[in-house]
Amino acid sequence: MTAAGGADAPVIVIGGGPVGLVAALGLARGGVPVIVLEAGAAGVPAEWRGSTLHPPTLELMDQLDLAAQVVRAGVRVDRLQYRDLESPLVAEFCYKLLDGATRFPFRLQYEQYKLLRLLRTAAQTHPDIELRFGQRAVAVESDERQAQVIVDTAAGRRRVAGNWLVGADGARSTVRRALNIDSPGTTYDTLSLVAATRFELAAAIADLAPASYWTGPRGRVSLIRTPDTWRVAVTTDRPTRRGPLETDAGEAPHPVLAQTLDRLVGNRRWTELPLVQQQFYRSHQRLADRFQAGRVLLAGDAAHLASTTGGMGLNAGIHDACDLAWRMAGPLRRGDTEGAERAAAEYAAHRRGVAVRVVQPATRAARAAVDVIGMRERVARLEALRRAATDPEEAVRHLRAVSMFGEDR
């Protein structure tokens with residue numbers, strides 16, 4: 001596979017995660033050959049962490065002919081709840097109010113690792129995508145004609161060139177750092193703990209919706225139903241620290257997790273089934289200073305990080321990837337160099353603008369709301385949400401905001 005100017009392909013994508021693969025599939029479907037370089041192995045381990053797909057994201061997946069498979073296998077969320085560990089108040093928003101606004105008037109819970117498997121299968125069977133594993137990027141260079149990446153492989157170090165390069169290599173992006181692009185922001189002071197259990201929480205908690213966000217005296221709690229497990233996320237008192245965060249599913253539950261589940265379920269019935277996963281993670285709010293450097297574009301976590309509350313991070317990355325492919329495919333297919341340069345600049349400006357105006361404010365606000373621990377403030381928030389839920393116009397406005405509508409191309 002050889003492209004103009006001695007490049008190995010018109011586009012090189014660094015990172016074979018969901019964002020990189022969606023970009024590759026979008027470009028390839030537009031007639032642009034792509035090489036995807038992934039540092040890891042071909043296998044995708046099961047991990048119950050990210051799982052939310054919002055209606056606009058399902059619309060984009062439908063353009064890749066993948067939405068039907070995802071919807072069949074996922075958990076359809078028809079109602080979104082807000083609750084509190086110490087108050088009987090419940091605010092509930094019904095996605096049916098979005099009928100007519102989208103072909104997918106619901107939120108879907110579908111584990112990210114399953115989505116990744118689906119995308120990798122689609123990429124591996126597409127004739128214009130070459131997916132290479134065990135390719136760890138160590139350096140990136142870009143000039144006015146092409147971009148090059150140096151990768152370490154089992155066979156040694158090699159150089160891969162493309163007319164354009166997409167950095168979709170995650171929060172610790174080698175591409176971003178190689179181009180000296182700053183990603184300022186903050187890291188939340190406390191760690192979050194996510195656990196997965198096969199105990200049927202809906203049978204033990206009255207009228208529990210498939211997606212519910214709780215407040216409490218120690219901070220946030222979220223209960224999310226995925227096809228295989230209930231995903232439970234809680235804020236812990238454990239401060240952030242450097243170094244890897246362990247996964248200890250086989251060990252005793254963290255005290256904050258145990259206390260939360262005891263309060264929710266009672267009688268320690270949740271211990272009837274062991275935890276499938278118990279993992280600490282950090283939450284960040286960070287945004288790259290720019291999404292473009294020469295012939296290199298950033299997408300997904302390489303470009304922006306946001307709190308996981310509300311499930312916008314993965315969705316925003318998929319939106320990046322689709323926008324990039326939609327803008328770039330035509331000019332690249334036609335060999336229109338000036339058109340591709342304009343499209344790249346438009347992508348970088350638009351998607352960074354969306355992050356500034358929509359994603360970063362929404363995720364900061366969602367996290368701040370559930371981190372409130374004062375009882376009076378928590379009850380006031382729930383009462384305000386209940387009032388909004390009973391007003392159809394306010395309810396639609398809320399659902400559209402939490403579902404990432406309004407990101408016009």
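Model, not experiment: these values are computed from the prediction.
- Counting only heavy atoms from C-beta outward, the side chains of Q285 and L305 never approach each other to under 4.5 Å.
- Across all non-hydrogen atoms, the minimal contact from S142 to A293 is OG-O, 3.7 Å.
- The structure places CZ of R263 at 8.5 Å from CD of Q259, a figure rounded to the nearest 0.5 Å.
- With hydrogens and angles ignored, the 3.5 Å screen pairs a side-chain donor or acceptor of T226 with a backbone N or O of T229.
- Residues S51 and Q109 have side chains that bring a donor and an acceptor to within less than 3.5 angstrom of each other.
- Residues T309 and R220 meet the side-chain proximity criterion, which asks for heavy atoms closer than 4.5 Å.
- D228 and R198 are not joined by a salt bridge, as no carboxylate oxygen comes within less than 4.0 angstrom of a charged side-chain nitrogen.
- Sorted by first and then second residue, the side-chain hydrogen bond (donor to acceptor under 3.5 Å, both in side chains) pairs involving residues 331-347 (not counting sequence neighbours) form an empty list.
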Any chance you could lay out the salt bridge (Lys or Arg N to Asp or Glu O under 4.0 Å) test for R295 and D143, step after step, and finish with the verdict?
CA-CA 7 Å; R295 290 295 185 97; D143 58 31; over 6 Å; no

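- For the atom pair OG1 of T308 and OH of Y188, the computed distance is 9.0 Å after rounding to the nearest 0.5 Å.
- From L201, atom CG reaches atom CG of L261 across 6.5 Å, with rounding to the nearest 0.5 Å.
- Under a 3.5 Å cut-off, the side chain of T235 and the backbone N or O of G219 do not form any donor-acceptor pair.
- With salt bridges taken as basic N to acidic carboxylate O contacts below 4.0 Å, one links D262 and R268.
- Put simply, the side chain of Q81 reaches to within 4.5 Å of the side chain of V90, judged on heavy atoms.
- Between the CD atom in Q148 and the CD1 atom in I12 there is a gap of 10.0 Å [rounded to 0.5 Å].
- Judged by distance alone, with hydrogens and angles left aside, the side-chain atoms of T57 form no donor-acceptor pair with the main-chain N or O of L53 at under 3.5 Å.
- A distance of 6.5 Å separates CG in L223 from CH2 in W230, rounded to the nearest 0.5 Å.
- Salt-bridge formation is detected for the pair D152/R136: a Lys NZ or Arg NE/NH1/NH2 atom is positioned less than 4.0 Å from an Asp or Glu carboxylate oxygen.
- Enclosure of atom CD1 in I373 is not indicated, since only 12 or fewer non-hydrogen atoms of other residues, nucleotides or ligands lie within 6.0 angstrom.
- Of the charged side-chain nitrogens involved, at least one lies within less than 4.0 Å of a carboxylate oxygen, so that E200 and R225 count as a salt-bridged pair.
- Between A343 and R327, the closest heavy-atom pair is CB-O, 3.3 Å.
- By the ring-ring contact (aromatic ring centres under 6.0 Å, His included) test, H398 is found to be paired with Y82, F93, residues two or more places apart in sequence or in another chain being considered.
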Mind running side chain to side chain contact (heavy atoms under 4.5 Å, CB included) on E92 and S212 for me, showing each step along the way?
CA-CA 9 Å; E92 182 170 287; S212 63; over 6 Å; no

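- Counting only distance, with no hydrogens or angles, the side chain of T363 and the backbone of Q360 share a donor-acceptor pair below 3.5 Å.
- For the pair V265/F199, a side-chain contact is recorded, criterion being any heavy-atom separation below 4.5 Å from C-beta on.
- Counting only distance, with no hydrogens or angles, the side chain of H284 and the backbone of R286 share no donor-acceptor pair below 3.5 Å.
- Residues F104 and E59 are in side-chain contact: their nearest non-hydrogen atoms beyond the backbone lie under 4.5 Å apart.
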Using distance only, find each side-chain donor-acceptor pair of residues 15-25 under 3.5 Å and give its atom names and separation, not counting sequence neighbours.
none

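- In this structure, E38 does not pair ionically with R132, as no charged nitrogen and carboxylate oxygen lie closer than 4.0 Å.
- Nearest heavy-atom pair across M328 and A344 is SD-N, 3.4 Å.
- Within the 3.5 Å criterion, the main-chain N or O of G294 finds a donor-acceptor partner in the side chain of Q292.
- Partners of D182 according to the salt bridge (Lys or Arg N to Asp or Glu O under 4.0 Å) rule, which considers only residues two or more places apart in sequence or in another chain, do not exist here.
- Residues L332 and W164 meet the side-chain proximity criterion, which asks for heavy atoms closer than 4.5 Å.
- Between the R157 side chain and the T153 main chain, no donor and acceptor come within less than 3.5 Å of each other.
- Side-chain atoms of T52 and R107 include a donor-acceptor pair closer than 3.5 Å.
- Checking side-chain atoms of D289 against main-chain N and O of I181 turns up no donor-acceptor pair under 3.5 Å.
- Heavy atoms only, all atoms of each residue included: A329 and G30 are closest at CB-CA, 4.1 Å.
- The minimum heavy-atom distance between H254 and F280, with the atom names listed, is CD2-CZ, 3.4 Å.
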Using atom types as modelled, flag every donor-acceptor pair under 3.5 Å from a side chain in residues 65-77 to any protein atom, sequence neighbours excluded.
| residue | atom | partner | partner atom | Å |
| --- | --- | --- | --- | --- |
| D65 | OD2 | R29 | NH1 | 3.3 |
| D65 | OD2 | R29 | NH2 | 3.1 |
| R76 | NE | D78 | OD1 | 3.0 |

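- Residues that satisfy the salt bridge (Lys or Arg N to Asp or Glu O under 4.0 Å) test with R269, not counting sequence neighbours, are absent from this structure.
- No salt bridge links R231 with E111; every basic N to acidic carboxylate O contact stays at or beyond 4.0 Å.
- Heavy atoms only, all atoms of each residue included: A288 and L298 are closest at CB-CD1, 4.3 Å.
- The shortest side-chain heavy-atom distance between L385 and Y213 does not fall under the 4.5 Å cut-off.
- No option in V36, L324, V166 other than V166 meets the side chain to side chain contact (heavy atoms under 4.5 Å, CB included) test with V11.
- The closest donor-acceptor contact from the side chain of D169 to the backbone of T174 lies under 3.5 Å.
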If you apply the rule side chain to side chain contact (heavy atoms under 4.5 Å, CB included), what do you find for V149 with E141, and how did you get there?
CA-CA 6 Å; V149 57; E141 301 170 358; over 6 Å; no

Walk me through whether T260 and L264 qualify under side chain to side chain contact (heavy atoms under 4.5 Å, CB included).
CA-CA 6 Å; T260 300; L264 287 166; 3.9 Å; yes

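- With values rounded to the nearest 0.5 angstrom, L193 atom CG is found 9.0 Å from Q277 atom CD.
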F405 and H54: ring-ring contact (aromatic ring centres under 6.0 Å, His included), yes or no, with the steps?
CA-CA 9 Å; F405 280 90; H54 292 300; 9.1 Å; no

Side chain to side chain contact (heavy atoms under 4.5 Å, CB included) between L165 and L297, worked out
CA-CA 6 Å; L165 187 146; L297 301 171; over 6 Å; no

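- Annotation: side chain of L119 is in contact with side chain of L115 (closest heavy-atom distance under 4.5 Å).
- Between the side chain of R117 and the main chain of V44, a donor-acceptor pair closer than 3.5 Å is present.
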